[in-house]
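What follows is a short report on a single structure.
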Amino acid sequence: QVQLVESGGGSVQAGGSLRLSCAVFGYTSSSYCMGWFRQAPGKEREGVAFTNSDGSTAYADFVKGRFTVSQDNAKTTLYLQMNVLKPEDTAIYYCAAKLSGYCGPRWRSGIEFGYWGQGTQVIVSS
């Protein structure tokens, strides 16, 4: 049973940093994609970043240069380092897994991802 468990959310002032973690349990795929998504109150869910198992990454334009997605060497934990946070980054952040190959150009829709965590709240105050 695949499980994704996020942690690391919290409240921070604008300009600050947070690092989100996503512990991954129960999968052994050698070709996969792991992503971060977020959903703000009253808004649609949106893709933030992803990393494929080959180390390639992609980011939404609104976080480029501020956020970094990575995995630990054991490939059991996914991270999202968030710097220069803005009030508009306030949202619930979710990690997600696609265990059958790499992410494609429509990754931001989330449709490729079959497994999701429960989410962690990030609040950025001005």
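- Between Tyr59 and Val48 the shortest side-chain heavy-atom distance does not fall below 4.5 Å.
- With a 4.5 Å cut-off on side-chain heavy atoms, Leu85 and Val124 count as touching.
- For the pair Cys33 and Trp107, the minimum side-chain heavy-atom distance is 4.5 Å or more.
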Item to check | side-chain contact (heavy atoms from CB on, under 4.5 Å) between Gln81 and Ser17, intermediate numbers included | outcome: CA-CA 8 Å; Gln81 178 66 43; Ser17 298; 4.0 Å; yes
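- We find the CD1-CD1 distance between Ile92 and Ile123 to be 9.5 Å, quoted to the nearest 0.5 Å.
- If you chain together ILVMFWY residues whose side-chain heavy atoms come under 4.5 Å of each other, Ile111 ends up in a group of its own.
- Remark: Glu46 engages Arg38 in a salt bridge, criterion side-chain N to carboxylate O under 4.0 Å.
- The same ILVMFWY cluster, assembled from side-chain heavy atoms under 4.5 Å apart, contains both Val122 and Leu80.
- Considering only residues two or more places apart in sequence or on other chains, Arg19 meets the salt bridge (Lys or Arg N to Asp or Glu O under 4.0 Å) condition with none of them.
- Hydrophobic clustering keeps Phe50 apart from Val24 (ILVMFWY residues linked when any side-chain heavy atoms are closer than 4.5 Å, directly or through intermediates).
- Between Thr77 atom OG1 and Gln71 atom CD the span is 8.5 Å, to the nearest 0.5 Å.
- Contact annotation: the side chain of Trp36 never approaches that of Phe67 to less than 4.5 Å [non-hydrogen atoms, C-beta and beyond].
- Using a 4.0 Å cut-off between charged nitrogen and carboxylate oxygen, Asp61 and Lys64 count as a salt-bridge pair.
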Item to check | Met34 and Asn52: CA distance, side-chain angles, deciding distance, side-chain contact (heavy atoms from CB on, under 4.5 Å) verdict | outcome: CA-CA 6 Å; Met34 298 290 298; Asn52 287 319; over 6 Å; no
Which pairs of donor and acceptor atoms, one on a side chain in residues 4-14, lie under 3.5 Å apart (sequence neighbours left out)?
| from | atom 1 | to | atom 2 | distance (Å) |
| --- | --- | --- | --- | --- |
| Glu6 | OE1 | Gln118 | N | 2.9 |
| Glu6 | OE1 | Gln118 | NE2 | 3.4 |
| Glu6 | OE1 | Gly119 | N | 2.9 |
| Glu6 | OE2 | Cys95 | N | 2.8 |
| Glu6 | OE2 | Gly119 | N | 3.2 |

Checklist entry - Can you list the steps and then say if Val69 with Leu78 is a side-chain contact (heavy atoms from CB on, under 4.5 Å)? => result CA-CA 7 Å; Val69 62; Leu78 180 72; 3.8 Å; yes
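- The six-membered or imidazole ring of Trp116 lies near that of Phe37, with a centre-to-centre distance under 6.0 Å.
- Contact of the Lys75 side chain with the Tyr32 side chain is registered, since non-hydrogen atoms from C-beta on lie closer than 4.5 Å.
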